[in-house]
Amino acid sequence: MIDDIALARQALEKIPALAGYDGPITRLGGLTNLVFHVGDYCLRIPGKGTEEYIDRANEAVAARAAARAGVSPEVLHADPATGLMVTRHIDGAATMSAENFASRTGSAGRAGKAFRRLHDSGAVFPFRFELFAMIDSYLKVLSTKDVALPEGYHDVVREADRSVRSALAAHPLPLAPCHCDPLAENFLDTGERMWIVDWEYSGMNDPMWDLGDLSVEARFPPALEDEMIAAYFGGEPTPAERGRIVIYKAMCDLLWTLWGLIQLANGNPADDFRSYADGRFARCRALMGTAGFGRHVAAVRNG
């Protein structure tokens with residue numbers, strides 16, 4: 001079986017600017033894709049099965065727009081047919097994690113500022129990231145696979161559709177270009193500036209999604225969540241804005257539960273995706289069951 005580095009060298013031969021490269025190649029992270037450091041660049045090879053739910057043409061447009069906005073590295077190559085992508089490597093940047101956000105002073109605030117720069121950029125992404133439509137889409141993918149939903153999943157979706165959806169629709173925010181999948185590992189921090197990478201799920205969305213999702217992914221305690229929010233808003237958000245962030249903390253878990261199950265069904269070995277999916281659903285259900293969640297929903301509904 002061909003190893004990852006040999007696979008990367010094969011992929012480079014398909015990219016005119018890097019064909020014949022014989023320098024060092026280092027495997028980087030990635031839950032679903034293979035990512036490599038190749039000289040001054042990063043090479044991304046798409047993971048097995050991602051073509052079922054990722055539109056590579058949309059991703060390429062968004063990645064280039066985010067680069068023009070100054071929040072993502074320059075795109076050197078993006079082929080929607082193969083999913084191969086090459087971006088500029090950011091020298092001296094630390095790949096973030098929940099632990100790095102906790103230990104790197106000011107990093108949560110830098111992430112908040114990067115989100116603000118993205119959301120205010122005026123970029124137009126081709127995809128509309130719509131929560132309930134994506135849940136339906138992922139459920140359709142899972143209907144063809146032999147994997148069980150967590151018990152009660154459909155009940156929670158119905159409750160969210162009844163209460164959360166109507167509250168969000170009562171006073172919708174203008175759509176903004178959003179990352180939509182802000183894993184901690186999708187952030188690169190130089191200590192002075194935060195960069196965001198991996199635009200597979202990006203789209204026009206309620207900008208509060210990005211803040212709520214990053215808070216969950218990076219396991220922000222209240223102090224770091226407040227640091228991110230204060231940097232984003234330049235002060236305190238309104239009760240409705242904070243309410244939207246809290247709502248999306250629950251809703252991102254509801255959605256990414258299904259993503260985890262798709263990885264499980266596709267045999268992705270990068271994680272224990274059964275535990276991943278069950279844990280995210282349990283966290284969603286727990287947050288939605290708190291009295292505070294109901295107050296945040298009411299604040300959003302009241303505007």
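Reckoned from all heavy atoms, side chains included, excluding hydrogens, waters and symmetry mates.
Note on F129 and L183: same hydrophobic cluster, where clusters join Ile, Leu, Val, Met, Phe, Trp and Tyr whose side-chain heavy atoms are under 4.5 Å apart, directly or indirectly. Criterion: ILVMFWY side-chain heavy atoms under 4.5 Å apart, direct or through other members. Under it, I135 and L264 are part of a common hydrophobic cluster. Under the 4.5 Å side-chain heavy-atom criterion for grouping Ile, Leu, Val, Met, Phe, Trp and Tyr, Y53 is not connected to L34 through any hydrophobic cluster. A single hydrophobic cluster is seen to contain both L214 and L31, as judged by linkage of ILVMFWY side chains at heavy-atom distances under 4.5 Å, directly or through other members. Both F101 and I229 belong to a single network of hydrophobic side chains, linked directly or stepwise wherever heavy atoms of I, L, V, M, F, W or Y lie under 4.5 Å apart.
To the nearest 0.5 Å, atoms CG (D253) and CZ (R283) are separated by 4.0 Å. We find the CD-CG distance between E13 and L18 to be 9.5 Å, quoted to the nearest 0.5 Å. Within the model, atoms CH2 of W209 and SG of C252 stand 5.5 Å from one another, a figure rounded to the nearest 0.5 Å. The SG atom of C180 sits 10.0 Å away from atom CG of L255, with the distance rounded to the nearest 0.5 Å. Rounded to the nearest 0.5 Å, atoms CG (D4) and CZ (R9) are 13.0 Å apart. R128 CZ to L175 CG: the interatomic distance, rounded to the nearest 0.5 Å, is 4.5 Å.
In this structure, F281 and Y153 have tilted ring planes: the angle between them lies in the 30° to 60° band. Ring geometry for H119 against F115 counts as parallel: the plane angle stays under 30°, on a 0 to 90° scale with 60° as the upper cut.
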Report the C-alpha distance between K140 and E52 in whole Å, list the side-chain angles of each, state the deciding distance to 0.1 Å, and finish with yes or no for salt bridge (Lys or Arg N to Asp or Glu O under 4.0 Å). CA-CA 11 Å; K140 184 176 181 180; E52 292 183 312; over 6 Å; no

What's the verdict on side-chain contact (heavy atoms from CB on, under 4.5 Å) for V61 and F127, showing C-alpha distance, side-chain angles and the deciding distance? CA-CA 10 Å; V61 171; F127 179 63; over 6 Å; no

The test is side-chain contact (heavy atoms from CB on, under 4.5 Å); show your working for I245 and M208 and say whether it passes. CA-CA 5 Å; I245 293 170; M208 297 303 99; 3.9 Å; yes

I'd like to know whether E200 forms a salt bridge (Lys or Arg N to Asp or Glu O under 4.0 Å) with R56, so could you lay out the CA-CA distance, the side-chain angles of the two residues, the decisive distance to 0.1 Å, and finally the verdict. CA-CA 7 Å; E200 290 182 316; R56 297 295 176 191; 2.7 Å; yes

side-chain contact (heavy atoms from CB on, under 4.5 Å) between R88 and Y41: does it pass, once the steps are laid out? CA-CA 5 Å; R88 184 76 60 182; Y41 308 105; 3.5 Å; yes

Begin with the C-alpha distance, continue with both residues' side-chain angles, and end with the deciding distance and a verdict on side-chain contact (heavy atoms from CB on, under 4.5 Å) for W199 and S72. CA-CA 9 Å; W199 300 88; S72 193; 2.9 Å; yes

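Annotation: side chain of L139 is in contact with side chain of L149 (closest heavy-atom distance under 4.5 Å). Between W195 and T190, some side-chain heavy-atom pair lies under the 4.5 Å cut-off. Contact of the L28 side chain with the C42 side chain is registered, since non-hydrogen atoms from C-beta on lie closer than 4.5 Å. For the pair N100 and D189, the minimum side-chain heavy-atom distance is 4.5 Å or more. At a threshold of 4.5 Å between non-hydrogen side-chain atoms, the residues Y232 and P207 count as touching. By the 4.5 Å heavy-atom criterion applied to side chains, H89 and V38 are not counted as neighbours. The closest side-chain heavy-atom distance from E236 to R242 is below 4.5 Å. I15 is listed as a side-chain neighbour of V86, based on a closest heavy-atom distance under 4.5 Å.
Partner of W256 under the ring-ring contact (aromatic ring centres under 6.0 Å, His included) criterion, out of F273, Y276, Y201: Y201 alone. Evaluated for a side-chain hydrogen bond (donor to acceptor under 3.5 Å, both in side chains) with R274, the options D271, D278, D272 yield exactly one hit, D278.
Judged by distance alone, the side chain of S121 and the main-chain N or O of L118 form a donor-acceptor pair under 3.5 Å. Of the possible polar contacts, none joining the S215 side chain to the G212 backbone as a donor-acceptor pair under 3.5 Å is found. Side-chain atoms of R27 never come within 3.5 Å of backbone atoms of I5 as a donor-acceptor pair (strictly under, hydrogens ignored). Put simply, the side chain of Y21 gets close to the backbone of P24: a donor and an acceptor are under 3.5 Å apart. The backbone N or O of P182 lies less than 3.5 Å from no partner atom in the side chain of D210, so there is not a single donor-acceptor pair.
Note on R162 versus E159: salt bridge recorded, some NZ/NE/NH1/NH2 to OD/OE distance being below 4.0 Å. Using a 4.0 Å cut-off between a side-chain N of Lys or Arg and a carboxylate O of Asp or Glu, E227 and R110 do not qualify as a salt bridge.
Listed here is the closest heavy atom pair of M194 and A114: O-CB, 3.8 Å.
Heavy-atom contacts from other residues, nucleotides or ligands closer than 6.0 Å to CG of D155 number more than 12. Open room surrounds NZ on K48; 12 or fewer heavy atoms of other groups in view lie less than 6.0 Å from it.
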Please table the atom pairs, donor to acceptor, closer than 3.5 Å between any side-chain atom in residues 294-303 and protein atoms at least two apart or in another chain.
from, atom 1, to, atom 2, distance (Å)
R301, NH2, S163, O, 3.3
N302, ND2, A298, O, 3.1

